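Beneath this line is the structure, given in structure tokens, with notes to follow.
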Amino acid sequence: CVEEALAASPRIIIDTAKLKGSIALKGGDIDDISFKAYRETVDPNSPNITLFSPDKTQNAYFARFFWLAAQGSTIEVPSISTLWTSDSDRLTAEKPVTLTWDNGQGFLFKRVIAVDDLYMFTITDSVEATGSASATLVPYSVIRRFNKPHVAGTYVLHEGFVGVLGDQGLAELTYDKADKGDALPAGGKGKEYKAAVGGFTGITDKYWAAAFIPEQSQSYDATYRSVDGTTRIYEADMMLPAATVAQGSPATSTKRLF
């Protein structure tokens with residue numbers, strides 16, 4: 001259940017004028033988001049709308065951020081089991097939080113998470129080489145959703161994957177079309193878009209959306225993925241250009257989550 005999933009990790013409380021929820025220190029997922037101003041029904045006492053829920057719950061929906069190491073590399077990068085250390089137990093619009101993790105191999109990972117007074121998070125990941133070793137790492141972010149949500153299925157309303165991918169323009173893919181899409185190199189089916197510059201990419205419902213927004217001058221690859229299994233999983237992935245970290249030359253990656 002959601003309560004057990006939330007209790008499985010120490011958490012940073014999210015508290016802004018519009019949002020409430022938390023961030024998991026184990027894994028670093030932004031995976032617990034509710035809207036203070038919107039409720040499930042017109043009853044003012046009905047539950048607030050919940051957008052994000054943790055991994056392994058029935059209708060999990062969350063944002064996850066990685067560094068991918070080059071193939072054959074032995075560097076340990078943060079994973080879903082990494083327990084980050086935070087400088088605060090509360091994220092507000094006035095005060096960002098900084099997460100840190102030392103991999104014990106001469107690399108210090110930091111993640112600064114900020115949020116404005118509306119719905120925009122800014123995630124700044126950085127890696128410092130504390131020893132003489134160097135590494136090439138790729139920033140990779142995913143919005144992951146378990147199970148196909150109920151969709152209205154009307155012609156005038158798009159629900160599913162959505163983005164504006166630079167000069168490639170509007171990109172829309174329904175859940176059903178993703179299920180039957182092209183086989184993807186990293187698994188699943190769907191569609192890939194290479195070397196977009198500017199725009200955004202994510203998943204939309206009738207009323208709510210979750211989207212990544214890269215730095216608008218930076219090239220990125222976007223993938224819309226459907227993975228079949230015990231649970232159907234949908235992913236909107238964003239891969240940014242590789243960065244090299246060496247002593248005295250940290251690597252930094254900034255992206256936004258709306």
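All values derive from a computational prediction rather than experimental measurement. In this chain, numbering begins with 1 at the start of the sequence shown. The figures that follow rest on heavy atoms only: side chains count, while hydrogens, waters and symmetry mates do not.
F107 pairs by the ring-ring contact (aromatic ring centres under 6.0 Å, His included) definition with nothing, not counting sequence neighbours. Residues passing the side-chain hydrogen bond (donor to acceptor under 3.5 Å, both in side chains) test with E172, sequence neighbours excluded: none. Partners of D221 according to the side-chain hydrogen bond (donor to acceptor under 3.5 Å, both in side chains) rule, which considers only residues two or more places apart in sequence or in another chain, do not exist here.
Taking the side chain as every heavy atom from C-beta outward, W101 and T85 never approach each other to under 4.5 Å. Side-chain atoms of Y38 and W208, non-hydrogen and from C-beta on, do get closer than 4.5 Å to each other. Residues F146 and I233 form a side-chain contact, since some pair of their non-hydrogen atoms from C-beta on lies under 4.5 Å apart. Between T231 and N147 the shortest side-chain heavy-atom distance falls below 4.5 Å.
Between the side chains of D125 and S253, no donor N or O sits under 3.5 Å from an acceptor N or O. A donor and an acceptor atom, one from each side chain of S22 and D32, are located under 3.5 Å apart. At a cut-off of 3.5 Å, with distance as the only test, no side-chain donor of T16 or Y119 sits close to an acceptor on the other residue.
Between R256 and D116 no salt bridge is recorded (no basic side-chain N to carboxylate O distance below 4.0 Å).
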Show me, pair by pair, the donor-acceptor contacts under 3.5 angstrom made by side chains of residues 44-55, not counting sequence neighbours?
from	atom 1	to	atom 2	distance (Å)
S46	OG	T41	N	3.3
S46	OG	T41	O	3.4
S46	OG	T41	OG1	3.3
S46	OG	D43	O	2.8
N48	OD1	K20	NZ	3.2
N48	ND2	F35	O	3.0
N48	ND2	K36	O	3.1
T50	OG1	S34	OG	3.1
D55	OD2	R64	NH2	3.0

Show the atom names and distances, to 0.1 Å, of all donor-acceptor pairs under 3.5 Å that link a side chain in residues 158-166 to residues at least two apart or in another chain.
from	atom 1	to	atom 2	distance (Å)
H158	NE2	F161	O	2.7
E159	OE2	A152	N	2.7

Problem set entry | Chi angles and distances behind the side-chain hydrogen bond (donor to acceptor under 3.5 Å, both in side chains) call for T252, S126 | CA-CA 4 Å; T252 302; S126 62; 5.1 Å; no
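The ring pair (Phe, Tyr, Trp, His ring centres under 6.0 Å) pairs that include a residue from residues 231-258 are Y175-Y234, where partners are two or more places apart or lie in different chains.
Residue I75 comes nearest to A69 through the heavy atom pair CG2-CB, 3.6 Å, listed as atom of the first residue, atom of the second, then distance.
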